[in-house]
Amino acid sequence: MRSAYIPGLAAGLLIITLFVGAQAAELRPSDASPSSETTPVLTITAHGERQRLSLADIEAVGLYESRFRHFEGPEGRFLGVRLKSLLDAYDISGFQRIRLVAEDGYTVFLNPDELRQKTYLLVTRLDGEPIPRDAFGPLMLVVPEDAEAVMRGDPSMTRWIWGIVELQAL
Ligand SMILES: Nc1nc2c(c(=O)[nH]1)N[C@H]1C(S)=C(S)[C@@H](COP(=O)(O)O)O[C@H]1N2
Ligand SMILES: [Mo]
């Protein structure tokens, strides 16, 4: 009779292992001091107006951080702001979707529903340092809660646009 417990125990351990392995990277408010770098890195177009934002402008919105490995290789403490907070801070609302454009022409569209469903982090720094343009900078979009899933090839990785230089509200 006792042996009946063994498959049960093994299955239990397997479930625990899979669960722990699938844990999402935690996103938490950061106590890092905001950047004082004033070189423009992001062009925002919304409500017929264009604005150029620096790392200092972006980070003033409120810093969050998360530690994980990006599927392109970068690993460490990703520091940035919630995309939603940036939109709110610049009164960007009433859009059907926002469009992010990368230096290489790659584009990602996000509608308000998608922005509500997950926390998109606009990454400004890795391990405290601004991200060079030849290393997926100046800005990258990540979803820490999906960090493990995209490593396994989850389709949501198409949203993880790097080299972001422009944000349009459409
Ligand atoms: N700037 C930029 N971001 C990007 C891409 C890209 O080509 N350029 N490719 C996207 C797609 S389609 C996927 S699946 C993942 C991984 O891209 P890769 O397969 O080219 O490495 O990154 C996404 N982010
Ligand atoms: Mo892709």
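When a ligand or atom number is given, it counts from 1 through the structure's own listing order. For the numbers below, each heavy atom of this structure counts, side chains included, while hydrogens, waters and symmetry mates do not. Residues take their numbers from the sequence shown, with the count starting at 1.
Thr119 approaches Glu145 most closely through the heavy-atom pair N-OE1, 3.2 Å.
Nearest to atom 8 (N) of ligand 1 among the protein's heavy atoms is Asp104 OD2, 2.7 Å. Ranking protein heavy atoms by distance to atom 11 (C) of ligand 1, first place goes to Tyr106 OH, 3.6 Å.
Residue Met157 holds the heavy atom nearest to atom 15 (C) of ligand 1 of all those in Met157, Glu103, Arg159, His70. Of the candidates Phe136, Trp160, Trp162, Phe71, Trp162 brings a heavy atom nearest to atom 5 (C) of ligand 1.
In this structure, atom 19 (O) of ligand 1 is not in close contact with the protein, since no protein heavy atom lies within 4.0 Å of it.
Near Ala102, meaning under 4.0 Å from one of its heavy atoms, ligand 1 places the atoms 1 (N).
Looking only at atom types and distance, the side chain of Thr39 has a donor-acceptor partner in the side chain of Glu37 under 3.5 Å away.
Taking a cutoff of 4.0 Å between a charged side-chain nitrogen and a carboxylate oxygen, Arg125 and Glu59 qualify as a salt bridge.
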field: CA sep, side-chain torsions, deciding dist, call: Ser54, Asp57, side chain to side chain donor-acceptor pair (under 3.5 Å)
entry: CA-CA 5 Å; Ser54 65; Asp57 296 326; 3.2 Å; yes
task: Starting from the C-alpha separation in whole Å, work towards a yes-or-no answer on side chain to side chain contact (heavy atoms under 4.5 Å, CB included) for Tyr120 and Arg82.
output: CA-CA 6 Å; Tyr120 291 86; Arg82 292 176 305 174; over 6 Å; no
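Among residue pairs with one or both ends in residues 111-123, those qualifying as salt bridge (Lys or Arg N to Asp or Glu O under 4.0 Å) are Asp113-Arg116, Glu114-Arg159, Lys118-Asp146; sequence neighbours excluded.
Of the polar atoms of Glu72, at least one N or O is found under 3.5 Å from an N or O of ligand 1, judged by distance alone.
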